[in-house]
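None of these values were measured; they are calculated from a predicted model.
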Amino acid sequence: MSKEGEGEGKRRTCIKCNERQSKNKFKRKQWEKHGENDSTCRTCEAYNQTSKEMTRDCARCGIAFGFRDYMIGQWERGEGKSECPTCSAALTNKIVEDCLSNKAPGVDVAADGTTRCSAHGNECCDICCMDFSFTNKVVLREQELGRKLADGEHMALAQKNLALNHDICVLDHMTVCPRTGKRLRCKCKNVAYCSKECQDFHWPLHKFECRMSRGEAIDDGKYMEALMKYMERTQNMVR
């Protein structure tokens with residue numbers, strides 16, 4: 001067999017995205033147990049864990065996009081909540097602008113009892129230091145049951161919904177490095193990265209969160225300064 005043939009033998013077409021990809025872009029189980037016409041790449045597998053839909057309407061602009069057009073973090077939000085890259089970037093710019101203008105955060109309570117930050121309309125807002133994602137799930141679950149959750153039910157809901165997805169990069173939501181097919185993870189086990197570049201970009205902010213996860217005290221002023229600089233750098237990337 002020629003070298004060209006050998007190289008092609010280490011590539012396979014994903015049945016979801018229809019892209020011809022190298023062996024390291026597939027999980028070992030997919031590569032070994034599935035054939036040429038029945039393999040799903042790592043990235044598509046991560047999307048499939050949330051939903052097997054092929055398209056979804058953006059929650060803001062209403063336009064239908066293919067599942068791979070969404071950042072995986074947005075796709076995981078589910079039908080009716082996912083935002084396309086354009087709408088998501090527009091919201092990010094608004095958040096950064098409000099942050100730099102020192103707009104005071106507030107709280108809005110919707111008719112269904114769920115809560116969001118009033119400044120940006122986010123259920124979970126790093127800028128306003130507010131996270132209502134879990135409490136909103138509790139509110140909606142109690143409405144569904146027509147009663148308060150018991151302690152055991154409350155704990156089970158917390159364990160189900162507060163787990164981090166360690167299969168995707170916390171910065172750009174890719175499953176693996178596009179060049180090496182590998183993934184990096186911080187020693188705290190709380191975040192993963194698809195590349196050394198993403199890890200280096202996120203570290204000035206994550207080092208504070210990493211220390212907090214170990215129970216160490218941090219300087220709140222320095223943390224907020226790092227957060228502001230991180231958001232400015234993120235805004236420049238979006239532009």
Side-chain angles (χ1 to χ4, degrees), residues 1-59 63-89 133 156 159-203 206 209-210 213 234 237-238:
M1 180 183 292
S2 66
K3 289 185 178 180
E4 182 179 355
E6 291 176 355
E8 187 62 22
K10 293 183 179 180
R11 299 178 66 84
R12 188 172 287 177
T13 301
C14 171
I15 61 172
K16 292 286 290 185
C17 63
N18 203 35
E19 292 180 6
R20 192 83 176 161
Q21 303 188 51
S22 58
K23 182 178 180 180
N24 61 13
K25 299 296 179 66
F26 295 83
K27 289 185 177 180
R28 180 181 298 178
K29 184 182 294 185
Q30 279 286 336
W31 189 266
E32 294 178 349
K33 294 189 176 181
H34 297 270
E36 166 68 26
N37 300 317
D38 193 33
S39 298
T40 305
C41 69
R42 291 176 182 269
T43 301
C44 289
E45 271 200 285
Y47 281 90
N48 280 349
Q49 289 176 6
T50 299
S51 170
K52 297 186 183 299
E53 298 171 88
M54 295 300 291
T55 62
R56 180 180 289 174
D57 292 345
C58 171
I63 299 174
F65 292 89
F67 71 100
R68 287 290 294 269
D69 291 326
Y70 289 90
M71 298 294 284
I72 194 167
Q74 285 290 336
W75 188 256
E76 288 182 330
R77 297 177 68 181
E79 178 70 30
K81 296 182 179 180
S82 304
E83 297 175 6
C84 70
T86 301
C87 291
S88 180
S133 53
Q159 292 176 342
K160 178 180 179 181
N161 290 284
L162 296 184
L164 292 172
N165 186 340
H166 295 302
D167 290 331
I168 62 175
C169 175
V170 69
L171 191 64
D172 62 13
H173 301 110
M174 295 182 67
T175 53
V176 294
C177 174
R179 289 177 286 112
T180 66
K182 296 180 179 179
R183 182 172 62 243
L184 304 174
R185 185 166 294 163
C186 180
K187 291 182 179 179
C188 71
K189 306 298 183 183
N190 288 329
V191 293
Y193 305 96
C194 68
S195 67
K196 186 68 165 56
E197 289 76 13
C198 283
Q199 189 176 33
D200 290 343
F201 187 95
H202 192 236
W203 176 246
H206 178 64
E209 300 164 349
C210 196
S213 71
T234 303
M237 290 177 64
V238 171

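- The backbone N or O of Gln74 sits less than 3.5 Å from a side-chain atom of Ser82, completing a donor-acceptor pair.
- Side-chain N or O atoms of Ser88 include none that pairs as donor or acceptor with a backbone N or O of Cys84 at under 3.5 Å.
- Nearest heavy-atom pair, Arg20 versus Thr13, reported as atom, atom and distance to 0.1 Å: NH1-OG1, 3.0 Å.
- Minimum interatomic distance between Glu53 and Trp75 (heavy atoms only, all atoms of both residues): O-CZ2, 3.6 Å.
- In terms of heavy-atom proximity, Arg12 sits nearest to Gln30 at NH1-O, 3.8 Å.
- Going from atom CE of Met54 over to atom SG of Cys17 covers 9.0 Å, rounded to the nearest 0.5 Å.
- The side chain to side chain donor-acceptor pair (under 3.5 Å) test applied to Ser22 returns Asn24, not counting sequence neighbours.
- Using a 4.5 Å cut-off on side-chain heavy atoms (C-beta onward), Cys14 and Lys25 make no contact.
- Without hydrogens or angle criteria, Asp69 side chain to Gly66 main chain gives a donor-acceptor distance under 3.5 Å.
- A distance-only check finds a donor-acceptor pair linking the side chain of Tyr47 to the backbone of Tyr70 [under 3.5 Å].
- Interatomic distance, Thr43 OG1 to Asn48 CG, rounded to the nearest 0.5 Å: 11.0 Å.
- Across all non-hydrogen atoms, the minimal contact from Thr50 to Glu76 is OG1-CG, 3.2 Å.
- Considering NZ of Lys23 and CZ of Arg28, their distance stands at 8.0 Å, rounded to 0.5 Å.
- For the pair Lys16/Phe67, a side-chain contact is recorded, criterion being any heavy-atom separation below 4.5 Å from C-beta on.
- Taking OG of Ser39 as the reference point, atom NZ of Lys27 lies at 13.5 Å (rounded to 0.5 Å).
- By the 4.5 Å heavy-atom criterion applied to side chains, Arg77 and Glu83 are counted as neighbours.
- When the shell of 6.0 Å around CG of Asn18 is examined, it contains 12 or fewer heavy atoms from other residues, nucleotides or ligands.
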